[in-house]
Amino acid sequence: MVVDPDRSVARYLAAAAERDLSITSVLETHLHADFVRGSVELASWGGRVYAPERSELQFPHRPVRPGERLRLGELQIDVLASPGHTPEHVSYVFRNEELAPVLFSGGSLIAGGAARTDLIDPSMTETLTRAQYRTLTQAFAELPDETRLLPTHGGGSFCSVGSTGKSATTLGQERRGNRLLEFSSEDEFATWFPTTFPAAPAYFFRMRALNRSGP
């Protein structure tokens with residue numbers, strides 16, 4: 001199962017082949033603004049695409065809703081609502097009986113920060129920023145500190161804010177050191193967070209439509 005693939009899919013196929021595995025599923029957390037999705041290509045190799053229902057993708061896929069539970073072998077995969085970076089954003093929690101949970105958080109929580117909320121429309125930035133605050137404070141509250149956090153965005157992405165440059169972390173580390181989790185006031189967060197965004201490349205604002213239609 002591949003989460004949020006970009007269009008350079010050869011490395012995913014190679015990684016699967018090295019392990020004598022087949023890619024059967026592709027999970028999307030949201031409509032991406034910073035890269036062209038690779039779901040269409042991976043689907044042509046046999047991967048079934050799962051994506052948030054609110055993405056309204058215009059190519060074959062299986063829509064998922066928050067609260068759903070998916071299965072992959074012995075793995076249980078819970079779909080969590082995590083809006084903010086985008087309105088339709090979901091995260092996926094992988095569980096089994098032997099290991100700590102693994103949270104694929106997309107852009108809703110990254111190492112040292114979270115993804116920005118101004119890439120849809122300026123009129124939606126405050127609403128999305130407030131949704132992001134609620135995601136940070138509520139969406140993952142029931143998961144233990146040892147939960148492994150694997151975000152889509154990392155250091156260097158124009159989608160990310162406050163990143164430490166790490167590609168993986170744990171919820172416990174973020175609860176202890178992520179500045180965004182220190183806010184106790186939604187109003188203060190909604191005022192401050194948008195002031196941290198760097199300039200965005202112009203193509204960001206047409207990429208969501210491309211990824212919705214299927215490149």
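Values in this document were obtained by computation on a predicted structure and should not be read as measured data. No hydrogens, no waters, no symmetry mates; every other heavy atom, side chains included, goes into these values.
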Inset, instruction - Specify whether Phe104 and Phe94 have parallel, tilted or perpendicular ring planes, treating 30° as the upper limit for parallel and 60° as the lower limit for perpendicular. - result: tilted

Inset, instruction - Indicate whether the side chain of Asp187 and that of Ser185 have a donor and an acceptor atom separated by less than 3.5 Å. - result: no

Legend entry - Closest approach of Val90 to Pro66 (non-hydrogen atoms, all atoms of both residues): CG1-CG, 4.2 Å

Legend entry - Minimum-distance pair of heavy atoms, taken over all atoms of Phe35 and Asn211: O-ND2, 3.0 Å

Inset, instruction - In plain terms, say whether Glu182 and Arg176 are close enough for a salt bridge, that is, a side-chain N and a carboxylate O under 4.0 Å apart. - result: no

Inset, instruction - Determine, step by step, whether Gln58 and Ser213 satisfy the side-chain hydrogen bond (donor to acceptor under 3.5 Å, both in side chains) criterion, reporting the C-alpha distance in whole Å, the side-chain angles of both residues, the deciding distance to 0.1 Å, and the verdict. - result: CA-CA 5 Å; Gln58 296 167 7; Ser213 62; 5.1 Å; no

Inset, instruction - List in chain and number order the residues that pass side-chain hydrogen bond (donor to acceptor under 3.5 Å, both in side chains) with Glu186, two or more places apart in sequence or in another chain; answer none if no residue qualifies. - result: Arg130, Arg134

Legend entry - Thr117 side chain to Thr125 side chain, donor-acceptor N/O pair below 3.5 angstrom: no

Legend entry - Smallest separation among heavy atoms of Tyr12 and Ile23, with atom names: O-CD1, 3.7 Å

Inset, instruction - Starting at CG of Leu128, measure out to CG of Asp118 and round the result to the nearest 0.5 Å. - result: 9.5 Å

Legend entry - Geometric class of the Phe197/Phe193 ring pair [parallel <30°, tilted 30-60°, perpendicular >60°]: perpendicular

Legend entry - Candidate list Leu149, Asp78, Val93, Leu171, test side chain to side chain contact (heavy atoms under 4.5 Å, CB included), partner Pro101, passing option: Val93

Legend entry - Closest heavy-atom pair and its distance - Asn178, Gly112: ND2-C, 3.5 Å

Inset, instruction - Could you tell me the separation between the CG atom of Leu109 and the CG atom of Leu103, rounded to the nearest 0.5 Å? - result: 7.0 Å

Legend entry - His89: ring pair (Phe, Tyr, Trp, His ring centres under 6.0 Å) partners, not counting sequence neighbours: His30

Inset, instruction - Identify whether Leu72 and Leu70 are in the same connected component of the hydrophobic contact network (ILVMFWY, side-chain heavy atoms under 4.5 Å). - result: yes

Legend entry - Distance-only donor-acceptor check, side chains Ser105 and Ser91, under 3.5 Å: no

Legend entry - Side-chain donor or acceptor of Tyr92 paired with backbone N/O of Val3 under 3.5 Å: no

Inset, instruction - Any chance you could measure Tyr50, atom OH, to Glu28, atom CD, to the nearest 0.5 Å? - result: 13.5 Å

Inset, instruction - Carefully, step by step, assess Arg175 and Asp145 under the rule salt bridge (charged side-chain N to carboxylate O under 4.0 Å, His left out). - result: CA-CA 8 Å; Arg175 287 165 176 161; Asp145 282 352; 2.7 Å; yes

Legend entry - Residue pair Ser55 / Glu88, side-chain donor-acceptor N/O under 3.5 Å: no

Inset, instruction - Please name the pair of heavy atoms, one in Leu136 and one in Ser108, separated by the smallest distance, quoted to 0.1 Å. - result: CD2-O, 3.5 Å

Legend entry - Pair Asp34 + Arg208, salt bridge at N-O below 4.0 Å: no

Legend entry - Distance-minimising heavy-atom pair for Ala33 and Tyr203: O-CE1, 3.8 Å

Inset, instruction - I would like to know whether Arg62 and Glu68 meet salt bridge (charged side-chain N to carboxylate O under 4.0 Å, His left out); could you show each step before the answer? - result: CA-CA 12 Å; Arg62 156 71 153 83; Glu68 274 196 73; 3.0 Å; yes

